[in-house]
Amino acid sequence: MEPIDEHFVSRVRALVPGAARQEPGNAALLERLFDAQAQSRHLDLTARWLQAQGRGHYTIGSAGHESNAALGLLSRVDDPALLHYRSGGFYAARAAVAGTTEPVGDVLRSLTSSSQDPMSGGRHKVFGHPALHIVPQTSTIASHLPRAVGLGYALGLARESGASTPWPADAVVVCSFGDASANHSTATGALNAASYLSHRGIPCPVLFVCEDNGIGISTRSPRGWPEAALQSLPGLAYRQVDGADPDALLTAVGDTLADVRRTRRPGVLHLRTVRLMGHAGSDAEIAYRSRSEIVADYDRDPLLACARLLVERGLASPDELLDRYEATRRAVLDEAARVLEEKPLSSRAAVMAPIAHARPVSPTPAVAASGPGLTLAQAINATLAELMAAHPEALVFGEDVAVKGGVYGVTRGLQKRFGGRRVFDTLLDEQTILGVALGTALAGFVPIPEIQYLAYLHNAEDQLRGEAATLAFFSDGQYRNGMVVRIAGLAYQKGFGGHFHNDSSLAVLRDIPGLVLAVASHPAEAPGLLRGCYDLARTEGRVCVFVEPIARYHTRDLLADGDGGWTAPYDALGTAPLGSVVRHGAGTDALLVTFGNGVHLSRRAAATLAELGTAVTVLDLRWLAPLPVEALMAIAGGFDAVLVVDETRRSGGVSESVVATLVDHRYAGRLARVTSADSFVPLGPAAETVLLGEDEIVSAVRAMLSPAQTVKSTPCAKGSSPE
Ligand SMILES: Cc1ncc(C[n+]2csc(CCOP(=O)(O)OP(=O)(O)O)c2C)c(N)n1
Ligand SMILES: [Mg+2]
């Protein structure tokens, strides 16, 4: 028996009943609080028992934090909740209020990775349930806070614009996290964003609940620090309450929720808790806490506090409470026996179902696009306007996108045309931009956020990886956050930038399961590609990233000044399906497989090669994740030589996957790649020393086609060599 279990039983047995008092409202609430807390406690104890049997896979518990059940009792079932991992009490309480689900079975299924787990389908231990409006969270601490702010913002936006969301107009977002997590830059960024909105008078009805047990694994929060930090947030009303004082708890929770609901402004509830039974089952806390300190926390057990009050008030006798406690223990253990009979996820296809892509389509025919018309920037601008006009749920936001119309003018005129609610400048924080996307997407909008430069995605990248891309996976497809993240990026800007404005790190995007990555190249196809992404976001809830090569935004020509080869009339109709590619030229000597700026480089190289008597075809992959494998193989099969032209780095760059794909699918011809160097891009003309150039493409093709060169490897200054 766990010491906390024994302690609870012995202390309740010793309680002296008080005289019965008539406080009916509170009495019923206290009893429900006790029941939810007891369920949570026995789930924790059972989690450890299951793990000891080798049948349970998770032991981070809620013991000591069960005071959060008050939030489950007093919030509405349709207040969306994004919860700390110690939320057993909240979960049980909200389920009791809803009366439509069985919390004990739900949590046990999650602990045992049952395929019947109602939220994740057996993929992870999460607190979540669509019917309870609890959105599952990852275990990356604090990473859910930007989404919570985005969701609060979305509720305000929907209320003003009359858009419908899965939640009522007066809903409050409940978002909880630990005291150590409050220091994470993700948390401070989100709290700052909430403050900023409050300062501007923009609605953001989020109740932030900091569950402060004084420690994060083994590292103590300095005395007074959490309150000092949480109280210092401008525009956020702060309340503190001790979870071991049930009366004060219920009052503080009720008042704080009511305030946020009424004012539509964010608030902070600083909930004092203790952490019982260590950080997790595997954590021997005696290594960093004294026994007396550990034992002292037992008397601050919120379950015991609730029992004490029930007995003191004469609302229950010690025996009655102990009977209830033991009946709950039996019920949880009995349910565990049943749940253990259920099947786990047992196939790769079943695990991956929520992130799997539909079968790729067959290749699209060649597009001949040239002549006077729009630049890439203008074509994207026109497409954004078209999407905004056709889809009232579409939102465009980011740094400098609204008033200025974007650093490169790509969003110019959109705010004027569609208004400040749908096209807005955000504060300068990529994490918040993506958080707003995560929250608005959850609420039913289709966000099209912009990240100003690819280099600045990296400090917020986990919001895409850990939050956006995992939501469908850990909710078994029940929650989705379709979005199209536009990112200006890649290199080759003449005379501008250096590394930070010429970044080609696509690798961070390519290994995120389920994420769709498209790279635009030419204004003829960019509209269709952007529409394709929007459709995937809107209809499948896909997280799409649309990378725009800055260097090609305002390019007009391809081969000679004034030829207009990099402009095109606006394609108002086409939609590029996922997996579709574009061919340029009909040469049969070699196939150049490329994307982005590589299309421009390759088409110029193709013209040079033609003058030298070599006819090549250029293939624009367009979709870099997932790669358009079927289309690539169908076309590559018709060539004896394939050169992969990759503007990204040699290591970790795109060509590694393209070449591997060709090899995996037994491409039998000659195969080589040319890439940029494994370097950051320096400022000024020195950039050319590390970036892939046209000449290298020409040389590589000639080397491949020259019989003497096909057998030996040619050392190369940057990154070209036969594979
Ligand atoms: C971003 C991130 N870094 C590290 C961890 C590992 N980790 C898990 S819980 C935890 C401590 C969190 O403490 P606190 O926020 O106080 O919550 P508590 O466990 O005390 O309830 C750490 C460091 C993590 N999950 N996520
Ligand atoms: Mg803590």
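Ligands are counted one by one from 1 in listed order, and the atoms in each one are counted from 1 as well.
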- Is Arg324 positioned over the aromatic face of Phe34, cation under 6.0 angstrom from the ring centre and no more than 45 degrees off axis? no
- Under 4.0 Å from ligand 1, residues with heavy atoms, in chain and number order, are His65, His84, Tyr85, Arg86, Ser139, Thr140, Ile141, Gly178, Asp179, Ala180, Ser181, His184, Asn213, Ile215, Gly216, Ile217, His279
- Item | Protein N, O or S atoms lying under 2.8 Å from the Mg ion (ligand 2), listed by chain and number | Asp179 OD1, Asn213 OD1, Ile215 O
Return yes if a side-chain donor-acceptor contact under 3.5 Å exists between [X] and [Y], otherwise no.
X	Y	answer
Asn192	Ser195	no
Tyr288	Asp283	yes
Asp106	Tyr91	yes
Arg649	Ser504	no

- Message: Could you go through Tyr325 and Asp35, starting from their C-alpha distance and side-chain angles, then the distance that decides it, and tell me whether this counts as side-chain hydrogen bond (donor to acceptor under 3.5 Å, both in side chains)?
- Response: CA-CA 8 Å; Tyr325 184 71; Asp35 287 339; over 6 Å; no
- Asp212/His270 under side-chain hydrogen bond (donor to acceptor under 3.5 Å, both in side chains): CA gap, chis, key distance, verdict: CA-CA 7 Å; Asp212 181 0; His270 184 181; 2.8 Å; yes
- Run the side-chain hydrogen bond (donor to acceptor under 3.5 Å, both in side chains) check on Asp79 and His133 step by step: do they pass? CA-CA 7 Å; Asp79 282 336; His133 298 280; over 6 Å; no
- Message: So does Phe90 get a backbone contact from the side chain of Ser40, meaning a donor-acceptor N/O pair under 3.5 Å?
- Response: no
